[in-house]
Amino acid sequence: MEDSPGRTPASARQELSRLTDYRRYTYAVACLMAMAIFFVSWLFRHPHDFFIAIGYPIFSVIYGVSCVLLIHGRVRLRLLEVGLVSLIAVIVLSRLAWHFIAGDPFGANFMPLVSGHYWAVGMLIVVAFIALGFRAGMAVALVTFSFSALLATGASLSCALDGSAGCSDAMYFLRIHFFLLTLLALTSAGTLLRDRTFSAIARTELLERVNVTDDLTGLANRQGALDYLKKATRIARRKDQPLSLALANLDHFRRINHHQGHETGDRVMALVGELLTEAMGRDSLVARWGSDEFLVVSPGMTEGEALHSAEHCRWRMEQLPIAGLTVTATFGVAQYHPERDLDEVLYRVDQGLVQARSLGRNIVATAPAERPAPHTLRHRREDATTV
């Protein structure tokens, strides 16, 4: 089933929270891997490599602390992203400078540079774009590339002035920096495309939801529900799957507005919408159908299952105080039949609500089995206006 329109702000916040947790755990795993790399490098270090001997244990501790902060969520994620990328940049670039300045880039340090350390420079460029986005990532990538190119150019010029025999290997540094420049261009282009695509999708969804979303509750409005119902009924017919509707009417809602005020009434409507969305599950669409009515569309549910779900919602509303008040609702339930039209199931769910109210409020009921003649079919068309 396609995604439901008009999902509540609460569900959107939950999804964003899950994505943030995923990013945190991904970064935590990356920190653990970095600690493992530092440990292995420290364990098999050269006896005279003071940079690894002193620096890598310190870096390991910093990454360990960062891992704990990421898992427990005690620090803002963006702050940690900036801090981790900055730390990676300091480690990679200082180690690169160590190879060029303290070592012999065209002698003993040549192979560690070419076959080992430059992969870390490339990794820094990619990580900067992934973690920081296009603009900040580009700034880090350009600084990294420029710093590396400056070190390689200075070492090559110094070697040429000294007339050393190994200066012909400078061509390897040139090829490496062409590779880094290509990596920078491809990664930046991919990141820019990703960011602009996400931005375009967000703008499109916002414009679409303005037309199909109820301002008060954040749910689908009547038009959004009808659009969704048309798609849902087509899928139900094509796949021969059940589809059920429930129509909920808040009991004595006008009394709440009259005695508690419209502000409290608005809070009740919003909270009831969240409760119904949570109770009915992700596969169901909850929409504001009228001033004090909610329509629930449940793909894959039979009428019996929809009755059970509606009763569960009714019970939860009765048990839980909503905006400090006891709020109840009456439900009508009906199942869509592929051989009949959409108006018919909307009429029957409306009649189910009428039947429930005739039996007493705060109950769940279905429409009588008899179907009226076509000329008597009427279902309410009032607009979903803000209370």
Would you call R314-E318 a salt bridge at under 4.0 Å N-O?
-> yes
Nearest heavy-atom pair of [X] and [Y]: which atoms, and what distance?
X	Y	value
L295	A225	CD2-CB, 4.4 Å
L245	L229	CD1-CD2, 4.0 Å
G300	E305	O-OE1, 3.7 Å
L87	F59	CD1-CD2, 4.3 Å
V75	R24	O-NH2, 2.8 Å
V349	G332	CG2-O, 3.3 Å

In terms of hydrophobic clusters joined by side-chain contacts under 4.5 Å, are [X] and [Y] together?
X	Y	result
L77	Y25	no
V143	W98	no
W42	V65	yes
F50	F100	yes
L320	L276	yes

Does [X] [atom1] have over 12 foreign heavy atoms under 6.0 Å away?
X	atom1	answer
H252	NE2	yes
R237	CZ	yes
R254	CZ	no

Could you go through the side-chain contact (heavy atoms from CB on, under 4.5 Å) check for L70 and R23 one step at a time?
-> CA-CA 9 Å; L70 282 164; R23 288 168 61 193; over 6 Å; no
In Å and rounded to the nearest 0.5 Å, what is the [atom1] to [atom2] distance from [X] to [Y]?
X	Y	atom1	atom2	answer
I176	L181	CD1	CG	13.5 Å
N221	D215	CG	CG	8.5 Å
T366	Q351	OG1	CD	11.5 Å
R222	E293	CZ	CD	8.0 Å
L192	R135	CG	CZ	10.0 Å
F198	L193	CZ	CG	9.5 Å

Output, in order, the C-alpha distance, side-chain angles, deciding distance and verdict of side chain to side chain donor-acceptor pair (under 3.5 Å) for D251 and T330.
-> CA-CA 7 Å; D251 298 329; T330 302; 2.7 Å; yes
Answer whether the closest heavy-atom distance between the side chains of [X] and [Y] falls below 4.5 Å.
X	Y	result
Y228	P299	yes
F134	R196	no
D195	T191	yes
T264	L325	yes
F129	M138	yes
D292	N249	yes
V272	M269	no
W289	L226	yes

Please, which pairs that meet side-chain hydrogen bond (donor to acceptor under 3.5 Å, both in side chains) have at least one residue in residues 56-66, sequence neighbours excluded?
-> none
Is the side chain of [X] donor-acceptor paired with the backbone N or O of [Y] at a distance under 3.5 Å, no angle test?
X	Y	answer
R340	V345	no
S244	M301	yes
T187	L184	no
R288	S291	yes
R78	L132	yes
S94	V90	yes

Side chains of residues 26-39: which donor-acceptor pairs under 3.5 Å do they make with residues two or more places apart or in other chains?
residue	atom	partner	partner atom	Å
T26	OG1	Y22	O	2.8
Y27	OH	E81	OE2	2.7

Step by step, work out the side-chain contact (heavy atoms from CB on, under 4.5 Å) result for L342 and K230.
-> CA-CA 8 Å; L342 180 58; K230 292 174 183 177; 4.2 Å; yes
Show your reasoning for whether side-chain contact (heavy atoms from CB on, under 4.5 Å) applies to R267 and Q260.
-> CA-CA 11 Å; R267 288 182 58 206; Q260 306 295 330; over 6 Å; no
side-chain contact (heavy atoms from CB on, under 4.5 Å) between E278 and E274, intermediate numbers included | CA-CA 6 Å; E278 179 184 350; E274 291 184 8; over 6 Å; no
Counterpart residues, side chain to side chain contact (heavy atoms under 4.5 Å, CB included), relative to S148 (two or more places apart) | L96, Y118, H177, L180
